[in-house]
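Reading through the structure tokens given below for one structure.
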Amino acid sequence: MAGPEWQSLEQCLEQHLPPDELGEVKRILYGKQTRKLDLPRKALETAAERNFELKGYAFEAAKEQRRCPQIVRVGLVQNRIPLPTSTPVAEQVSALHKRIESIVEVAAMCGVNIICFQEAWNMPFAFCTREKLPWTEFAESAEDGLTTRFCQKLAKRHNMVVVSPILERDRDHGGVLWNTAVVISNSGLVMGKTRKNHIPRVGDFNESTYYMEGNLGHPVFQTQFGRIAVNICYGRHHPLNWLMYSINGAEIIFNPSATIGELSESLWPIEARNAAIANHCFTCAINRVGQEHYPNEFTSGDGKKAHHDLGYFYGSSYVAAPDGSRTPGLSRNQDGLLVTELNLNLCQQINDFWTFKRLRFSLDRRGTAREKIF
Ligand SMILES: NC(=O)NCCC(=O)O
């Protein structure tokens with residue numbers, strides 16, 4: 001298993017393949033070469049000063065006679081936790097806010113319209129421990145918690161839709177916890193929330209100790225920049241999640257995640273990309289970076305020795321397009337911002353070309369799903 005020092009598959013290929021073969025490998029590996037975005041020099045300099053990777057790509061669509069191009073820039077953020085997990089909770093939250101604010105400023109310089117952070121971005125991913133305190137103290141109200149209010153300010157300041165995945169404390173229903181993504185409009189209003197539909201019970205992913213499967217279905221949010229949905233982490237292994245978001249009209253589906261190399265790195269490049277192909281939409285896969293250490297050692301009843309960490313979060317965030325092409329990934333070991341320009345017209349163009357949606361529902365002539373789409 002590659003460790004933190006191994007930067008990325010892309011870097012490895014670039015280092016070792018002759019240029020003509022590299023071109024062919026990229027064509028097959030990525031579908032086609034996505035155009036590199038010309039990002040502002042100031043943004044690149046600021047990202048370097050602030051010690052995070054900044055990459056930009058664009059997906060093109062054919063010109064149409066009756067529709068203007070529907071161009072939108074999405075920003076995917078992957079980051080380490082800035083402070084040790086033993087630091088007081090309020091200090092950890094404040095350091096995370098500061099880090100994200102500094103990355104969002106650069107996203108604004110790059111013209112990002114919709115930004116999405118990693119799963120449970122307002123805390124360390126401590127669910128492996130099965131301890132309640134202090135980790136449940138990171139939970140906040142989705143509607144007016146500290147983190148939501150912080151994101152509202154960012155959204156308004158930068159005219160940017162913000163997708164903010166947090167640990168939610170549901171005050172109105174007995175104070176239970178949920179794994180939730182809050183969607184905030186570019187004017188700073190909370191448009192709504194969506195909850196993780198499938199909760200892992202695998203390896204050290206002991207999340208079911210804290211929260212249940214979501215009860216909000218598969219909501220899609222009509223933002224000023226397109227129809228978006230959020231399929232949180234483990235939901236990406238379940239094709240029906242992606243399908244339902246797509247049936248409900250999503251053009252872009254974000255997949256904020258927290259996953260480790262040992263478990264899922266070989267699945268990572270496949271699942272969100274396959275979902276983009278199968279559902280004629282864009283998908284945005286975001287993962288954490290680094291290793292998080294917990295003060296008390298824990299086990300997960302699997303015979304492994306007690307340990308202090310969940311494993312290595314391998315970053316590698318990327319965007320996939322409905323035509324099956326994808327951007328290269330961000331690195332495995334650095335904080336990063338991936339800016340990607342999409343032309344949403346590509347969704348309908350590919351739907352008309354491959355017709356997966358139509359054929360899927362022709363198999364189900366009496367089914368409810370068919371009624372929903374036609
Ligand atoms: N956060 C989360 O659901 N992780 C589970 C592991 C995986 O889906 O790769």
Side-chain angles (χ1 to χ4, degrees), residues 1-2 4 9 76-81 85 96 116-131 135-136 138-139 163-168 177-182 193-216 218 229-242 245 253-276 283-292 294 298-302 304 307 309-318 320 329-330 332:
M1 184 58 52
L9 181 69
L76 279 53
V77 180
Q78 63 175 44
N79 61 281
R80 291 168 184 273
I81 49 167
T85 60
L96 276 159
C116 182
F117 310 136
Q118 65 201 18
E119 181 182 18
W121 76 269
N122 62 330
M123 61 181 294
F125 208 74
F127 310 117
C128 49
T129 65
R130 285 187 266 114
E131 298 165 341
W135 317 119
T136 54
F138 285 91
V163 179
S164 169
I166 59 166
L167 180 65
E168 178 193 0
L177 302 174
W178 299 99
N179 185 317
T180 297
V182 187
K193 62 188 174 188
T194 181
R195 290 179 175 147
K196 185 168 177 172
N197 278 321
H198 291 89
I199 309 302
R201 295 159 177 82
V202 54
D204 283 336
F205 286 88
N206 297 318
E207 292 166 59
S208 58
T209 302
Y210 299 85
Y211 40 77
M212 300 291 287
E213 280 70 17
N215 58 354
L216 298 178
H218 297 83
V230 195
N231 184 14
I232 302 176
C233 194
Y234 194 67
R236 79 181 175 283
H237 309 302
H238 302 265
L240 293 180
N241 269 325
W242 300 102
Y245 290 118
I253 307 177
F254 293 94
N255 175 230
S257 301
T259 187
I260 54 167
E262 202 182 321
L263 184 68
S264 65
E265 198 159 3
S266 58
L267 312 183
W268 182 253
I270 300 170
E271 290 171 306
R273 188 176 181 193
N274 182 55
T283 59
C284 304
I286 303 165
N287 191 17
R288 281 183 177 238
V289 186
Q291 200 147 8
E292 302 175 359
Y294 301 102
F298 61 91
T299 62
S300 293
D302 54 6
K304 286 198 184 143
H307 42 289
D309 67 82
L310 174 56
Y312 187 71
F313 298 110
Y314 54 85
S316 309
S317 306
Y318 71 97
L330 288 177
R332 298 175 77 256

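FYI, the numbering just counts along the sequence from 1. Start at 1 and go down the list; that is how both ligands and their atoms are numbered.
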Centroid separation Tyr294 to Trp135 less than 6.0 Å:
yes

Ring centre gap for His218 and Tyr245 strictly below 6.0 Å
yes

Please state whether the rings of Phe205 and Phe125 are parallel, tilted or perpendicular, taking 30° and 60° as the class boundaries.
tilted

Residues that Ser316 engages under side-chain hydrogen bond (donor to acceptor under 3.5 Å, both in side chains), provided they are two or more places apart:
none

Strictly under 4.0 angstrom, heavy-atom based: which residues surround ligand 1?
Glu119, Phe125, Lys196, Pro200, Phe205, Glu207, Cys233, Tyr234, Arg236, His237, Ala258, Thr259, Leu263, Ser264

Begin with the C-alpha distance, continue with both residues' side-chain angles, and end with the deciding distance and a verdict on salt bridge (charged side-chain N to carboxylate O under 4.0 Å, His left out) for Arg195 and Glu119.
CA-CA 11 Å; Arg195 290 179 175 147; Glu119 181 182 18; over 6 Å; no

Counting distance only, does the side-chain N/O of Glu207 pair as donor-acceptor with the main-chain N or O of Ile199 below 3.5 Å?
no

